Undergrad: 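Below is one structure. I have some questions about it.
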Amino acid sequence: MDVGIVSYGAYIPRYRIVPQEIGKVWGTDGESMGRGLYILSKSVPGPDEDVITISVEAARGSLRRCNVDPKQIGAIYVGSESHPYAVKPTSSIVAEAIEASPNMTAADFEFACKAGTAAIQCCLGLVGSGMIKYGMAIGADTSQGAPGDALEYSASAGGAAFLLGSEDIIAKINRTVSYTTDTPDFWRREGQDYPSHGGRFTGEPAYFKHITAAAKRLLDVMETSPSDYDHAVFHQPNGKFPVRVSKQLGFNEQQIETGLLTPSIGNTYSGAVPLGLASILDVAEPGDRIFAVAYGSGAGSDAFDITVTDAIKDLRLEAAPTIKELVERKKFIDYATYAKYMNKIKLKEAVE
Amino acid sequence: MAVARFWRENASRYNLIGTKCGVCERVYFPPRSVCPTCHRASIGKMEPFKLKGEGEVLTFSIVHEAPSQMEMQKPYVIAIVEMDEGVRITGQIIDAELDDVAIGMKVRTTLRKVSDEGDAGVIHYGYKFMPL
Amino acid sequence: MRDVAIIGVGDTRFGELWDMSLRDLGIKAGLAAVYDANLSGDEIDALYLGNMSAGKFTEQEHIGALIADYSGLTRDHIPATRVEAAGASGGLAFRQGVMAIASGMQDIVVVGGAEKMTDVGDVLSTEIQAMAADQQWETSFGATFPALHAMIARRHMHEYGTTRDQIASVAVKNHKHGALNPKAQFQREIKLESVLRSPPVAEPLGMFDCAPVSDGGAAVVLCAMDKARKYTDTPIKVLASAQASDTLSLANRASPCRFDATTVAARRAFEIAKLEPKDVNLAEVHDSYTISEILAIEDLGFFPKGKGGEATADGQTTLGAKLAINTSGGLKARGDPIGATGVAQVVELVHQLRGEADKRQVTGAEIGLAQNVGGTGATVVVQILGRVN
């Protein structure tokens, strides 16, 4: 049985902040910081947005584009490291908001930046085994970087939803493999507002090692080489890492161009590879082959080999905004507004 | 503790479920159990009816003195929107420049955080309008 | 049905009355009215009290009994009833008193209205006032009470070409009247520019378009007309008291530019009184916002729909004109202690009809009308009073 993507939708908040604006506050040369990370601006959620609202908007977009009755969705998994509740699922609210509930299962996933692809893998398993007809996998984040920390230049917001099934699939997922180790490169303890990271330890032993291992494993299993793929997308904590890792693996710039969004919207964490994949599907032609590798700190990588089918022509792409439209829909804000929206300003208790 | 007060309205707050009178076919939002036009004849014939979520601004205001729940968003736009089905709904317009909001502007609903019960309390989600 | 007369009135000053509690306000106004009616106190059959939200403002409910208690009315255990219809609580309490006497069940009743608003902060006070609107489907989605009126104003401007200046002229006129009322919260005139430049609250309305937060109490004594002469030489006759309702949410109305409950209550009242709008010499209308007065004078039938703003800016509702609107200063300048307002309107009409309104006296006042609104027009009470010659 072929299993794959039936439809997809995405959402990126419209607010943006540029690195110069952040650097100005902390006495850092924001422009060179941005150049170093290859991040020209990052998305910022509005004060009334969170992972739940982003997930719902993305999921509703995916349903507008196809003819699937939401009641036939048997599972909803939302992957994020910024679920609004520590206890109380994001996924049950999404399920209610897309009218998929109550005869279905739902759960929230967390695996740093790869919780969204982990959700995709789970849905693939459930669909492939015949346990459910459709599964909704969402990767979304409104990630936080501590004020003044290097992460503040990249941590952004956005997400994408994938409706997975075995009928009328617009993209067949040929294979997925993973690579997982205990590597503490980035973490956030319970109750902490901001994550901590191992600085340069997040590079070679973490991001590069895991992405490379998972990618090579997939190429081995599929007996393919980078040139067999029309598009590739890699996790993109900044604009530099994915470019470098793709080169190391033998992919060229044209292959990764469409899926590389971090330079304009920053690192959307669990939303990063899902949004990159959505961006590729927005322009993909039947027969196109896609290589996608996510990375989550802590650490692991999920790699996917995908082939676009003829059914993509029947998808109502225009029924929901494309990634290009979402990226271009923007309003720049200053640091003070950013601090307010990101809840970084300490307020007084209301006096009645 | 207003958890249940909002929770029981979730179908309408999330998905614009109103009612349609089975006698005169008028659409109402929020839901009603009796039709103001058909009275007794409508009892038991008020069916759940989902609004499509699109409409146009009938009137609006830019709110500067906000309730404590909306302090972070001010100035924000509140509007009465006439939905395509004819029924009118009061809600915020978000993701629009203040100067662009006008009577007659086309909008559609989206889900946003509407309020919460403090940092430790439950979050209430509901519809808001964004430019179409 | 029996004819009903007003034989006594009393009120407190309106404003930020830091040294007075809710019970102080109710009792001060009530005792003044009882004194004015030349009653000993033994004659009172019942008490009706208008109050919107004592529980929220002062954490005290059950204030019918409270006010009866501290007014010294517990010896004979007379019935005391609190009436609530948001901003129309006072007008509605008055109507309950009128019905009690008209029906023959009671002969003399005291109707009071009181609200103590300044025992909570501004933000909470605004939120409590907004409870007059639909909490679940308007307020909780961000529609503040001023914002609902601002939406009325914007649509009125859109449909009828009413201008921002015309709307602001309501505040200028009411402050001009308030300057003549020693019990008003604001006893000073303001300029049109001050209204236009006041900080925006809910665009297009600014701070000077809104009635203030006020403490205050007002009371009247009602008596069967055939017994009224025993207590006073100048009984004022209740010619009509009518009430109407509408949808709680502004959005559910056919038009946000008019209060149909005002039109219906006024039509019923004029029918009962066998009068027409042109017979009215003065009216106290519910100007909780400047735009509300424009709606009121149109919906009551004093001016054609859409012409209220123009008429106000033109001075047609100012003291000295054929029809004087809000000689007390209205809610805008006299103040708006919510539950007291509807009763205070009646107190002002009585002073005018008795010819004792001093500097703000309407010459030859024979017929006065009061329009009291709850929420954004979901409850409207219209009273028509007349001199007895």
Side-chain angles (χ1 to χ4, degrees), chain A residues 9 11-15 45-61 63-64 70 83-88 90 92-102 142 191 193 319-321 326 329-331 337-352, chain B residues 3 6-17 48-54 63 66-78 91-101 108-132:
Chain A
Y11 182 77
I12 301 165
R14 74 170 187 143
Y15 298 106
D48 59 354
E49 295 186 290
D50 62 17
V51 161
I52 290 171
T53 65
I54 290 170
S55 299
V56 169
E57 193 64 21
R60 283 179 175 172
L63 290 169
R64 280 203 299 275
H83 291 288
Y85 290 93
V87 178
K88 158 86 184 91
T90 296
S92 63
I93 297 173
V94 174
E96 200 79 39
I98 63 170
E99 296 178 290
S101 60
T142 55
D193 288 338
L326 289 167
R329 187 189 79 121
K330 61 192 168 191
K331 179 183 169 70
T337 307
Y338 164 76
K340 186 170 102 168
Y341 286 0
M342 294 299 283
N343 210 12
K344 290 178 197 243
I345 297 177
K346 189 168 179 169
L347 302 171
K348 74 172 172 70
E349 289 281 314
V351 175
E352 302 194 331
Chain B
V3 172
F6 288 92
W7 164 82
R8 74 175 69 92
E9 317 282 11
N10 277 351
S12 297
R13 293 173 62 89
Y14 292 1
N15 286 309
L16 297 165
I17 308 297
F49 183 83
K50 183 177 174 166
L51 301 177
K52 215 162 96 275
E54 292 179 9
V63 181
S68 47
Q69 284 288 347
M70 277 115 192
E71 195 71 13
M72 280 294 157
Q73 295 163 48
K74 71 181 189 188
Y76 64 83
V77 182
I78 189 82
Q92 275 188 47
I93 296 179
I94 41 102
D95 284 4
E97 294 305 311
L98 296 181
D99 289 344
D100 293 344
V101 180
R108 74 163 173 95
T109 49
T110 183
L111 190 85
R112 291 288 175 106
K113 281 193 281 186
V114 175
S115 58
D116 66 33
E117 297 183 22
D119 285 348
V122 75
I123 305 166
H124 305 300
Y125 295 89
Y127 51 79
K128 292 189 181 183
F129 297 94
M130 61 194 293
L132 192 65

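Chain letters run A, B, ... following the sequence lines, proteins first and then strands; every chain starts at 1. Not measured: the values here are computed from a predicted model.
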Undergrad: In Å, rounded to the nearest 0.5 Å, how long is the span from OG1 of A:T337 to CE of B:M72?
TA: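 With rounding to 0.5 Å, OG1 (A:T337) is 11.0 Å from CE (B:M72).
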Undergrad: Output all residues satisfying side chain to side chain donor-acceptor pair (under 3.5 Å) with B:S12, sequence neighbours left out; order by chain, then residue number.
TA: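 Scan of B:S12 (side chain to side chain donor-acceptor pair (under 3.5 Å), adjacent residues dropped) gives none.
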Undergrad: Relative to chain A, which segment of B:V122 carries a heavy atom at a distance below 4.5 Å: side chain, backbone, both, or neither?
TA: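 Its backbone and side chain both get close to chain A.
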Undergrad: Tell me, out of B:A11, B:G118, B:A96, B:S115, who's got the most heavy-atom pairs with chain A below 4.5 Å.
TA: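 Maximum pair count with chain A is reached by B:A96.
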Undergrad: CG/A:N343 to CG/B:D119 distance, rounded to the nearest 0.5 angstrom?
TA: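 Between atom CG of A:N343 and atom CG of B:D119 there are 6.5 Å.
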Undergrad: What residues of residues 124-132 of chain B make heavy-atom contacts with chain A at a cutoff under 4.5 angstrom?
TA: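 At a heavy-atom separation under 4.5 Å, chain A is reached by B:Y125, B:K128, B:M130.
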Undergrad: Under the rule for side chain to side chain donor-acceptor pair (under 3.5 Å), what residues qualify as partners of B:R13, not counting sequence neighbours?
TA: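 Side chain to side chain donor-acceptor pair (under 3.5 Å) check on B:R13 returns nothing, list empty.
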Undergrad: Using the ring-ring contact (aromatic ring centres under 6.0 Å, His included) criterion, which residues pair with A:Y341? Sequence neighbours excluded.
TA: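 Partners of A:Y341 under the ring-ring contact (aromatic ring centres under 6.0 Å, His included) test: A:Y15.
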Undergrad: I want to check something: taking the side chain as every heavy atom from C-beta on, are A:R60 and B:N15 in contact at a cut-off of under 4.5 Å?
TA: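 In short, these two side chains touch, coming nearer than 4.5 Å.
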Undergrad: Relative to chain A, which segment of B:L16 carries a heavy atom at a distance below 4.5 Å: side chain, backbone, both, or neither?
TA: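 For B:L16, there is no contact with chain A at all, as no heavy atom is under 4.5 Å.
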Undergrad: Please rank A:K88, A:R329, A:E99, A:K331 by heavy-atom pairs under 4.5 Å with chain B and give me the top one.
TA: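 Sorted descending by pairs with chain B, the first entry is A:E99.
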Undergrad: Quick one: pull up NZ in A:K340 and CD in B:E71 and give me the separation to the nearest 0.5 Å.
TA: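 A:K340 atom NZ to B:E71 atom CD measures 8.0 Å (nearest 0.5 Å).
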Undergrad: Minimum heavy-atom separation for A:D50 and B:K113, please, with both atom names.
TA: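 For A:D50 versus B:K113, the nearest heavy atoms are OD2-CD, 3.4 Å.
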Undergrad: Which of these passes side-chain contact (heavy atoms from CB on, under 4.5 Å) with B:L111: A:V56, A:D48, A:I54?
TA: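 Exactly one pass, corresponding to A:V56.
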Undergrad: Looking at B:I123, is its backbone amide N or carbonyl O close enough to the side chain of A:Y85 to form a donor-acceptor pair, meaning the two atoms are under 3.5 Å apart?
TA: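 Flag set: sc A:Y85 to bb B:I123 pair under 3.5 Å.
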Undergrad: Counting only non-hydrogen atoms closer than 4.5 Å, does A:E57 touch chain B with its backbone (N, CA, C, O), its side chain (CB onward), both, or neither?
TA: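 Looking at A:E57, just its side chain touches chain B.
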